[in-house]
**Student:** 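Sharing a structure below in structure tokens format, with a few things to ask.
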Amino acid sequence: MKGLRGERLAGEFQKEISSVISGKLRSKFPELSAIISITAADVAPDLKSAKIYVSVFDVDKTKAENSYKILKENAGLIRHELAKVMHIRTVPELRFIADGSMEYGVKIDKILSDISEDE
């Protein structure tokens, strides 16, 4: 969603989804990874759907994949919790998409540090 309203809504969705994950979802599923961040939200102009970009960072790849799976399976619960908090007529259907930018950044940092150590 473009425009000032779309940017505000996307930012609000990021903040509220993060709080739902760290509160209600983490208490229901204590096996969630420690670092789960909502990197971006792309809300459709008609508010029917929203793509939520999630980065799950964990040393154990299996645990990170399970955490992402739990998020996808509980999109309805997260949407329900958003409906309680946000004051908009329609809360969009949430689609979680894995965002590998954190892992990519760590990889680039490692490469750069290896290069600087070789010099």
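Only a predicted model underlies this, so the values are computations on that prediction, with no experimental measurement involved.
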**Student:** Would you call I36 and V54 a side-chain contact if the rule is heavy atoms closer than 4.5 Å?
**Tutor:** yes
**Student:** Would you say the side chain of E12 lies within less than 4.5 Å of the side chain of M86, judging by non-hydrogen atoms?
**Tutor:** yes
**Student:** How about I78 and I52: do any of their side-chain heavy atoms sit closer than 4.5 Å?
**Tutor:** no
**Student:** Looking at Y68 and F96, what are the two nearest heavy atoms and their distance?
**Tutor:** OH-O, 3.0 Å
**Student:** Report yes if the side chains of I70 and E31 come closer than 4.5 Å at any heavy-atom pair, otherwise no.
**Tutor:** yes
**Student:** Hey, what do you get for CD1 (I108) to OG (S113), rounding to the nearest 0.5 Å?
**Tutor:** 11.0 Å
**Student:** Given the rule in the side chain to side chain contact (heavy atoms under 4.5 Å, CB included) test, do I88 and L9 qualify, once you have shown the distances and angles that lead to the verdict?
**Tutor:** CA-CA 10 Å; I88 56 177; L9 272 176; 4.3 Å; yes
**Student:** Could you report the tightest heavy-atom contact between S67 and V56, atom names first, then the distance?
**Tutor:** CB-CG1, 3.9 Å
**Student:** Is it true that a side-chain atom of E81 and a backbone atom of V20 form a donor plus acceptor pair closer than 3.5 Å?
**Tutor:** no
**Student:** Please round to the nearest 0.5 Å and tell me the distance separating atom OG of S37 and atom CZ of F57.
**Tutor:** 10.0 Å
**Student:** If you link ILVMFWY side chains whenever their heavy atoms are less than 4.5 Å apart, which other residues fall into the same cluster as Y53? By chain and number, please.
**Tutor:** I97
**Student:** Please determine whether side chain to side chain contact (heavy atoms under 4.5 Å, CB included) holds for the pair L71 and L25, giving the CA-CA distance in whole Å, both sets of side-chain angles, and the decisive distance to 0.1 Å.
**Tutor:** CA-CA 9 Å; L71 285 177; L25 201 64; 3.5 Å; yes
**Student:** Kindly indicate whether the side chain of P92, heavy atoms from C-beta on, has any atom under 4.5 Å from the side chain of F13.
**Tutor:** yes
**Student:** So, the side chain of R79 versus the backbone of N74: is there a donor-acceptor pair under 3.5 Å, distance only?
**Tutor:** no
**Student:** State the CZ-OG distance between R26 and S19, to the nearest 0.5 angstrom.
**Tutor:** 12.0 Å
**Student:** How about D99 and T39: does a side-chain donor come under 3.5 Å of a side-chain acceptor?
**Tutor:** yes
**Student:** Considering residues, nucleotides and ligands other than K63, do more than 12 of their heavy atoms fall under 6.0 Å from its NZ?
**Tutor:** yes
**Student:** To the closest 0.5 Å, what do you measure between CD (E93) and CG (L47)?
**Tutor:** 13.0 Å
**Student:** Find the distance between CG (N66) and OG (S33) and round it off to the nearest 0.5 Å.
**Tutor:** 8.0 Å
**Student:** What's the spacing between K110 NZ and D114 CG if we round to 0.5 Å?
**Tutor:** 4.0 Å
**Student:** Counting C-beta onward and ignoring hydrogens, is there a side-chain heavy-atom pair between L94 and L82 closer than 4.5 Å?
**Tutor:** yes
